[in-house]
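Accompanying notes for the structure given below.
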Amino acid sequence: MIEILLISVSVAMDAFAVSIGKGLTVTRVRPVDVIKTALWFGGFQALFPLLGFFAANTFSKYVTAVDHWIIFALLAFIGGNMIREAVRGEDEDDADCNLALPHVLLLAVATSIDAFAVGITFAFLKVDILSSIAIIGVTTFVLCFAAVYLGSKLGSLLKKYAGILGGVILILIGARILIEHLFF
């Protein structure tokens, strides 16, 4: 359960960072916009692991001998990419962004692609997918809800560190899974 929560926080970090950026771009944060933004991010963060889970279950019989390497590679790649984007300062937002539905929807999809790969790993690990996606969705909702307000109050400092933290956590979880499968 702790691992699922850590994974939830990790995959939510991109959405969290983008939500902070969204908060930075609006002059007046309206509660209805914050709720809609958090719902879109949380909803897609829950949907994409489910899609990944079903895709992996379709092909799992072909890759069970190397699943731990696949899990490690996916989590290391995702985590490394999150760290690289945070260090380089690559953002999905720009100065004229707002909380309009079309823009938030595109960002919700873009930040959820990592969660698809996590769903694949869930299939290999035989994780209870319904409780896992519920935890991911709720965690992302709560983090994004708070992030829009944080962004409007605290500035851009947190965006970089959120991505780095999320990436490091994913890499460490992937390494732990690989070590367990290889040595224990």
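Across all their heavy atoms, Leu143 and Phe16 have their closest contact at O-CD1, 3.4 Å. Residues Pro49 and Ile129 approach most closely at O-CD1, 4.1 Å, considering heavy atoms. Across all their heavy atoms, Val127 and Ser132 have their closest contact at CG1-OG, 2.8 Å. Nearest heavy-atom pair across Ala175 and Phe72 is N-CD1, 3.5 Å. For Thr139 against Ile135, the heavy-atom pair with the smallest separation is OG1-O, 2.7 Å. Scanning both residues, Gly137 and Ala46, for their nearest heavy atoms gives CA-CB, 3.9 Å.
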Donor-acceptor pairs under 3.5 Å, side chain of residues 2-9 to any protein atom, not counting sequence neighbours: which ones?
residue : atom : partner : partner atom : Å
Glu3    : OE1  : Arg176  : NH2          : 2.9
Glu3    : OE2  : Arg176  : NE           : 2.7
Glu3    : OE2  : Arg176  : NH1          : 3.4
Glu3    : OE2  : Arg176  : NH2          : 2.2
Ser8    : OG   : Ile4    : O            : 2.7

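The only option from Val18, Leu107, Val148, Val32 that meets the side-chain contact (heavy atoms from CB on, under 4.5 Å) definition with Thr37 turns out to be Val148.
Counting heavy atoms from C-beta outward, Ile136 and Phe122 have side chains that approach closer than 4.5 Å. Using a 4.5 Å heavy-atom threshold, the side chains of Trp40 and Ser112 count as separate.
Taking hydrophobic clusters as Ile, Leu, Val, Met, Phe, Trp and Tyr residues chained together by side-chain heavy-atom distances below 4.5 Å, Phe48 shares a cluster with Leu130. Under the 4.5 Å side-chain heavy-atom criterion for grouping Ile, Leu, Val, Met, Phe, Trp and Tyr, Val87 is connected to Leu172 within one hydrophobic cluster.
Atom CZ in Phe44 sits 11.5 Å away from atom CG in Leu39 (nearest 0.5 Å). A distance of 10.5 Å separates CZ of Phe53 from OG1 of Thr121, quoted to the nearest 0.5 Å. Rounded to the nearest 0.5 Å, atoms NZ (Lys36) and CG (Leu105) are 12.5 Å apart.
In terms of modelled atom types and a separation under 3.5 Å, the side chain of Gln45 and the main chain of Val11 share a donor-acceptor contact.
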Stepwise side chain to side chain contact (heavy atoms under 4.5 Å, CB included) test for Ile171 and Ile83: CA-CA 10 Å; Ile171 291 169; Ile83 293 168; 3.9 Å; yes
